[in-house]
Asks: 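Let me give you the structure first, and then I'll get to my questions.
Within every chain, numbering begins at 1; the chains are lettered A, B, ... in the order of the sequence lines, protein sequences first and strands thereafter. These values consider heavy atoms only, across backbone and side chains, with no hydrogens, waters or symmetry-generated copies.
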Amino acid sequence: MSSKKEGGETQSPIMEIDKLIHEPARLMIIAHLYVVESADFLFLMRQTGLTFGNLSSHLSKLEKADYVKIKKEFIGKKPHTMLKLTKKGREAFLTYRKNMKQVFEKLPE
Amino acid sequence: MNKELDLKELEKKVWLTYFQDGFWDIFIASMMLTMAIRTLTDNVWFTLGMFTGVPILVIGKKFITIPRLGHVKFSQFRMKRQIRLMATIGIAVCATVGFLLLISMGWDAPKVISSLGMAVFLALIFGLIAYFLEFPRLFIYGLMFATNEIIWGLFGEPTGPYVVLIFGSAVLVIGLIILASFIRKYPLPKEEEIPNVL
């Protein structure tokens, strides 16, 4: 309690961590989508090593939070589901990175 | 965590995934082999053969690589790099044409000097392409082309073409091994593994 202020300062960036992004699988998904313009399910499966079901479940959560846009389009004659980070998703990811950096910087040696 | 969030490295890793298929190696091998065979057989039709690598590269990417790795649109950063690469290749082609025109107009440089000049030029071009594509094996292939050019200049035919034949065969074997490894590592996804999500 005496270190409440201190504790408050230390806790604050941690409390601001976006739990939606912080989950390891979702973090991988968002990081991969961040570095490209858009990608399909197979790309994310290959890059993240997640199964289709797992990936689908995480993407649903990210889509619900409006971090990811799922767009169905045709490439040639084959239907494809392309995934893209929304502006909100990109900003959320940048904020997450900033907060994580602050958390690590404030941790004692 | 720092390594995971190194976005530049992540983007590069993703980009390089699309070079794991061996098609660029097969493309370069086809150029080397047709160049050698053209000189050894003195058959000008083999000059056209130098372009057979292009459909192999395009078709291979479309029907083997992408169905196994998925579709991706790379970011503006990568696209700008590609534009710089195209501009570099354009300048290189113009410089090569200029160089060849000089020779055809009677510039009588000693064979070794013109070979050395060509070797440096090839090493530089491949080096730049390797840099822009971030594809390290191209540096080695550039050195192979350059070395061959020097050997050709020093020893002439048929040593030169045979060296190209050896280099080309080696690169082809490397490409095929990489391709086989890629196909084994990334089998085509089964329908139940990745249903068409509509």
Asks: Is a side-chain donor or acceptor of A:D40 paired with a backbone partner of B:G70 at a separation under 3.5 angstrom?
Replies: no
Asks: Return the minimal non-hydrogen interatomic distance between B:V14 and A:V36, and the atom names on each side.
Replies: CG1-CG1, 4.3 Å
Asks: Would you check if A:R46 and B:Y186 make a side-chain contact, meaning some heavy-atom pair closer than 4.5 Å?
Replies: yes
Asks: I'd like to check A:R97 versus B:L7 (side-chain heavy atoms, cut-off strictly below 4.5 Å). Are they in contact?
Replies: yes
Asks: Is it true that B:Y141 and B:L16 fall in one hydrophobic cluster, defined by side-chain heavy atoms closer than 4.5 Å?
Replies: yes
Asks: For chain A, which candidate among B:R68, B:K13, B:Q76 shows the most heavy-atom pairs at distances under 4.5 Å?
Replies: B:R68
Asks: Check whether more than 12 heavy atoms from other residues, nucleotides or ligands sit under 6.0 Å from atom OH of B:Y162, and answer yes or no.
Replies: no
Asks: Report yes or no: do B:L176 and B:V171 belong to one cluster of Ile/Leu/Val/Met/Phe/Trp/Tyr joined by side chain heavy-atom distances under 4.5 Å?
Replies: yes
Asks: Return yes when atom NZ of B:K61 has more than 12 non-hydrogen atoms of other residues, nucleotides or ligands closer than 6.0 Å, and no otherwise.
Replies: yes
Asks: Side-chain contact test, heavy atoms from C-beta onward, threshold under 4.5 Å: evaluate it for B:K73 versus A:K84 and give yes or no.
Replies: no
Asks: Using side-chain heavy atoms (C-beta onward) and a distance below 4.5 Å, is B:P189 in contact with A:L42?
Replies: yes
Asks: Do other residues, nucleotides or ligands put more than 12 heavy atoms under 6.0 Å from B:Y18 OH?
Replies: yes
Asks: Please round to the nearest 0.5 Å and tell me the distance separating atom CG of B:L10 and atom CE of A:M28.
Replies: 10.0 Å
Asks: Spell out, yes or no, whether B:M31 and B:I151 are grouped together once hydrophobic residues are joined by side-chain heavy atoms under 4.5 Å, including indirect joins.
Replies: yes
